[in-house]
There are 2 protein chains.
Amino acid sequence: MDKEFSNIRIVDIAKMAGVSVGTVDRVIHNRGRVSEENRKKVQAILEMVHYQPNLMARSLAASKKQYHLLAVTPSFVQGEYWEAISEGIDKAASEMESYNITITKLFFDQYNNKTFDDIIRNLLHEKVDGVLIATLFTDSVIRLSQELDRNEIPYVYVDSNIGGQHQLAYFGTESYDAGVIAARLLMDRLSSSSDILMARIIHSGKNDSNQGKNRREGFCHYLTQTGFNGNLHEVELKINDSVYNFMKLDEIFEANPNINGAVIFNSTCYILGNYLKARGMQSVKLVGYDLIGRNTQLLSEGVITALIAQRPERQGYEGVKSLCNHLLFKQNSEKVNLMPIDILLKENLKYYLNNKL
Amino acid sequence: MDKEFSNIRIVDIAKMAGVSVGTVDRVIHNRGRVSEENRKKVQAILEMVHYQPNLMARSLAASKKQYHLLAVTPSFVQGEYWEAISEGIDKAASEMESYNITITKLFFDQYNNKTFDDIIRNLLHEKVDGVLIATLFTDSVIRLSQELDRNEIPYVYVDSNIGGQHQLAYFGTESYDAGVIAARLLMDRLSSSSDILMARIIHSGKNDSNQGKNRREGFCHYLTQTGFNGNLHEVELKINDSVYNFMKLDEIFEANPNINGAVIFNSTCYILGNYLKARGMQSVKLVGYDLIGRNTQLLSEGVITALIAQRPERQGYEGVKSLCNHLLFKQNSEKVNLMPIDILLKENLKYYLNNKL
DNA sequence: CTGAAAGCGCTTACAG
DNA sequence: CTGAAAGCGCTTACAG
């Protein structure tokens, strides 16, 4: 690089422009109150020398400033998927504490759009400098985004992306490809005439998530492409009703003994896994998503064949970090940040459990 | 946490102890020249309030200090494995530039122990504040480590670990398990009575690396455990002699038509892949290591079935970072840092290529 | 609109 | 052994 310009300070710029450091500072930050003439002069020099602010000095000098962030994500009980995103947020929060950034986590019910709307109604009643949003309810998120735009408050998305908005950045995966990969993992271990069972969870509050829908599409696309000629069966299960689930599964497996593979497009793979384990059906290959405790346990026992993961901790962590970098250092990250789609087998699981970021 | 103590400064400590900030600073950094009485008084208060230094202020104040790091790794031509580690080092170097840390990369020939010894002989002729070492030549690395210990210069290992030394940290993988995983990936797609070909590269200068040996052991262990009853064949190839390689491979495949799987325990998987591709032998499953360009190309074409990767960029990056954190902030990382063992298929490859850290 | 000065929390000579 | 003072590069009132 231009080594000769690598240590230029504001005082140097000020001298070169024949103004004071205050004026240079005002130009750098567009604080106004500078004559057009001086602004131009300073701007020209800034560009000429490729001025790079000293970030340590900047944050030290501004260290009395307070920032307040909000993170709006689904609530969870211990061991559920959304806990991982929350952990990433906490990690970033604790790292940024010394910069006087505080972060408030607001939780909504992922099966109830209204709980999300209730939160965003009161969101701006106090001072907010940035918002991280889990984008489960598309329409509501768009409404929130537009309001944040009006108030010039930056925001980032995690989980799934939404086009046409002004989010600072998105951190998440390509769900469609995550579905393709599930199919690949299953079909590598099945003959193309085996039957496959696709399970889904039914909820009163909400239909399938975008994630689930996209994964399912990718999954089916792969099967079609690769000449799958078995039958696809579907079953609807309930999140908290094992008796019901076992009954339904008994029914469908008895009626279709050719089912040798199963998949479920969210983190509740353990429901199917527990059934297969209880019934001693080791021969059925099972693929699911997310490294939550109940899944990893069954993976390491060999009941689940493979899990697909998408670095939820990192989504939360980098989401918060990108807001902080924007606020503190005016540094913007990429607008779309796709996490790797990790393939977990029993054999490489342990190296992921301590390496979540 | 102790919120009440969260913003205690050196001046506060000084007042509480009835001394000057200079004395507090001397105690914090063990700079000596403090009476035992004052040292104790200050130390007690430091502990009582859980003093946390302000890192920004510290680095700003010390920003005139210069640090010089060394990175000793194998030389490479473009697209070879060691380029990735080097990229990670460069990334960290550019981030740390503003802290006045410079890093000099020294390269040795990975097939010639003497070139490593030549480097370490002259290593300490100038001022060095930390060293990153690629641990290919165990005995020489131990000798170097002991000399660094004598000079109280911190050092970190990458690639493979060595016990009994005082390295600040190690960044790398568990090669044995990486071998297990290769076997799992292959056997998931083969019948247990298929034959398997293990290829190795022969060099004049050096026998098999630790990495390669460990991976091979893990691989064979998995086969034994899972009741593999095909035959294992071995072939020795040359790194730059396609004519020779094709001849040897033609020979062995013709003699053993039951070979349906192949593996090679280093990054030269493309040699086998190019052969299989040229001969149109799509049915042979091939598993190898490392996301170098020639491998990823064949993976995306479907010639290579799976690649196993171990985040070399991150090894270099975090290795340098841990030296810097030690020097600048007296923060030490974990002593052993095992990278995830990533499983790459054609379908998830692209999400790793832009996510190397 | 402009500049001089104080301050952020730490480290570094320096005088005693 | 100890302390007062200057300085790191930036931001923030404040006076004009």
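Every chain is numbered from 1, with letters handed out A, B, ... down the list of sequences.
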For residues His68(A) and Thr104(A), report the shortest heavy-atom separation together with the two atoms involved. NE2-OG1, 2.6 Å
Side-chain contact check for Asp25(A): nearest option of dG9(D), dT12(D), dT11(C) is dT12(D)
Establish, with yes or no, whether the OP1 or OP2 oxygen of dA13(C) is under 4.0 angstrom from a side-chain nitrogen or oxygen of Lys64(B). no
Under 4.0 Å between a side-chain N/O of Asn54(A) and OP1 or OP2 of dC8(D), yes or no? no
Rounded to the Å, how far apart are Leu60(B) CG and dC8(C) C1'? 9 Å
Minimal heavy-atom distance between Asp149(B) and Tyr155(B), with the atoms involved, is OD1-OH, 3.0 Å
Remember a base hit wins even if backbone is also touched, and classify Arg33(B) as base, sugar-phosphate or nothing at under 4.0 Å, heavy atoms. base
Should we say atom CG of Asn354(B) is surrounded by more than 12 heavy atoms from elsewhere, each under 6.0 Å from it? no
d(CD, Gln66(B); C1', dC8(D)) in whole Å: 14 Å
Does a nitrogen or oxygen in the side chain of Lys65(B) sit under 4.0 Å from OP1 or OP2 of dC8(D)? no
Counting only side-chain nitrogens and oxygens, does Arg39(A) get under 4.0 Å of the OP1 or OP2 atom of dC1(C)? no
Which heavy atom of Ser140(B) sits nearest to which heavy atom of Asp117(B), and what is that distance? OG-OD1, 2.6 Å
For DNA chain D, whose closest nucleotide is more 5', that of Arg26(B) or that of Pro53(A)? Arg26(B)
Figure out the OH/P separation between Tyr99(A) and dC8(C), and round it to whole Å. 18 Å
dG3(D) OP1/OP2 closer than 4.0 Å to side-chain N/O of Thr23(B): yes
I want to check one thing: is the phosphate of dG9(D), taken as OP1 and OP2, less than 4.0 Å away from some side-chain N or O of Arg9(A)? yes
For Leu328(A) and dC10(D), what is the distance between atoms CG and P respectively, to the nearest whole Å? 16 Å
Would you mind classifying the nucleic acid contact of Val19(A) as base, sugar-phosphate or nothing, using non-hydrogen atoms under 4.0 angstrom? sugar-phosphate
As a test of reading the structure: which of dT11(D), dG9(C), dC10(D) is closest to the side chain of Ala57(B), going by heavy atoms? dG9(C)
Quick check on DNA chain C: between Ser63(A) and Val21(A), whose nearest nucleotide comes earlier from the 5' end? Val21(A)
Distance below 4.0 Å between Arg58(B) side-chain N/O and dG9(C) OP1 or OP2: no
Asn38(B) side-chain N/O to dC1(D) phosphate OP1/OP2 under 4.0 Å: no
Between Thr73(B) and Phe107(B), is a side-chain contact (heavy atoms from CB on, under 4.5 Å) present by the stated rule, with each step listed? CA-CA 5 Å; Thr73(B) 63; Phe107(B) 296 105; 3.6 Å; yes
Is it the case that over 12 heavy atoms from other parts of the model lie below 6.0 angstrom from the NZ atom of Lys335(A)? yes
Respond yes when some side-chain nitrogen or oxygen of Tyr51(B) is under 4.0 Å from OP1 or OP2 of dG9(C), and no when none is. no
Just name whichever nucleotide pairs with dA4(D), Watson-Crick or G-U, keeping both distances under 3.5 Å, else none. none
Is the phosphate of dC1(C), meaning OP1 or OP2, less than 4.0 Å from a side-chain N or O of Arg31(A)? no
